[in-house]
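Here's the structure, in structure tokens; my notes come after.
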Amino acid sequence: LKVTANGTDPLSSAMAPLLSYMTNSADVSSQTGSWSAAGGFSTTSGSTVEGVPTTEYDGTIPRAAVQAGLPAQFRDVMRKDITGDSHLRLWLDSVDRPLKVITSGSYDSKPDLVTVTYTDWGHAPAVTAPPASDVILARS
């Protein structure tokens, strides 16, 4: 299926909020607001991620801050499902870029663990379109 950014076809319109959420979730600058809500970080130096020296940070983000940090388009729907504080473990390189982030919390009273790794800072991602034979065009 082909989803077009800012597309007006039914599929692109229906997928827009989810794609926006996924894009914002991968954007480091959008995450740092919730990270700043974590009080009392503890730090450990001397650890490495993929051979890169890092400083490791551990903190807790209160439930209210997690709820407030939800994207606007999902906030009303998902707020009730955040059922506890989130614990954040963050590894930053020597210029404070995240290399690895682990968040654990509870969503709908079930454990929720997310691990994100970042590599190749300063390089554009390689994006390859699927072969035309794998694409179905939506007809309006």
Side-chain angles (χ1 to χ4, degrees):
L1 298 174
K2 181 178 180 182
V3 178
T4 305
N6 301 318
T8 57
D9 62 278
L11 180 61
S12 295
S13 296
M15 294 296 293
L18 178 60
L19 293 175
S20 173
Y21 175 70
M22 291 170 61
T23 300
N24 289 336
S25 295
D27 179 11
V28 172
S29 63
S30 70
Q31 295 177 31
T32 57
S34 67
W35 296 348
S36 65
F41 273 104
S42 63
T43 62
T44 306
S45 58
S47 60
T48 63
V49 174
E50 300 288 327
V52 177
T54 64
T55 300
E56 185 178 338
Y57 296 85
D58 289 300
T60 299
I61 304 171
R63 178 180 180 220
V66 176
Q67 291 169 320
L70 292 168
Q73 67 266 37
F74 295 108
R75 193 169 294 135
D76 291 338
V77 173
M78 293 175 64
R79 182 176 299 172
K80 67 179 176 13
D81 295 324
I82 305 297
T83 51
D85 297 343
S86 284
H87 302 281
L88 174 68
R89 180 173 256 171
L90 174 66
W91 289 261
L92 300 182
D93 69 9
S94 63
V95 291
D96 294 333
R97 296 177 298 203
L99 297 182
K100 185 174 180 180
V101 179
I102 298 176
T103 54
S104 60
S106 57
Y107 183 79
D108 197 20
S109 297
K110 296 176 185 78
D112 182 41
L113 178 69
V114 177
T115 302
V116 179
T117 56
Y118 297 92
T119 60
D120 296 327
W121 282 102
H123 297 92
V127 178
T128 306
S133 60
D134 290 348
V135 176
I136 300 169
L137 297 175
R139 306 277 183 228
S140 299

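No hydrogens, no waters, no symmetry mates; every other heavy atom, side chains included, goes into these values. Since the model is a prediction, treat every value here as computed from it, not as a measurement.
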Validation: residues 86-93 side-chain donor-acceptor distances under 3.5 Å, sequence neighbours left out:
| from | atom 1 | to | atom 2 | distance (Å) |
| --- | --- | --- | --- | --- |
| His87 | ND1 | Thr60 | OG1 | 3.2 |
| Arg89 | NE | Glu56 | OE2 | 2.8 |
| Arg89 | NE | Asp58 | OD1 | 2.9 |
| Arg89 | NH2 | Glu56 | OE2 | 3.4 |
| Trp91 | NE1 | Glu56 | OE1 | 3.2 |
| Asp93 | OD1 | Val95 | N | 3.0 |
| Asp93 | OD1 | Asp96 | N | 3.2 |
| Asp93 | OD1 | Arg97 | N | 2.9 |
| Asp93 | OD2 | Arg97 | NE | 2.8 |
| Asp93 | OD2 | Arg97 | NH2 | 3.0 |

(request) Specify the closest pair of heavy atoms between Val135 and Pro130, including all atoms of both residues, with the distance to one decimal. (result) CG2-CG, 3.8 Å
(request) State which residues pass side-chain contact (heavy atoms from CB on, under 4.5 Å) with Thr115; sequence neighbours excluded, sorted by chain then number. (result) Lys100, Ile102
(request) Using modelled atom types only, decide if a donor and an acceptor are shared between the side chain of Asp112 and the backbone of Ser104 within a distance under 3.5 Å. (result) no
(message) Can you tell me how far apart OG1 (Thr103) and CG (Leu113) are? Round to the nearest 0.5 Å.
(response) 7.0 Å
(request) Could you pull out all residues at least two apart from Thr43 that satisfy side-chain contact (heavy atoms from CB on, under 4.5 Å)? (result) Thr55, Tyr57
(request) Might you point out which heavy atoms bring Thr48 and Pro53 nearest each other, and give the distance in Å? (result) CG2-CA, 4.0 Å
(request) Ignoring hydrogens and angles, tell me if any N or O in the side chain of Trp121 forms a donor-acceptor pair with the backbone of Leu99 under 3.5 Å. (result) no
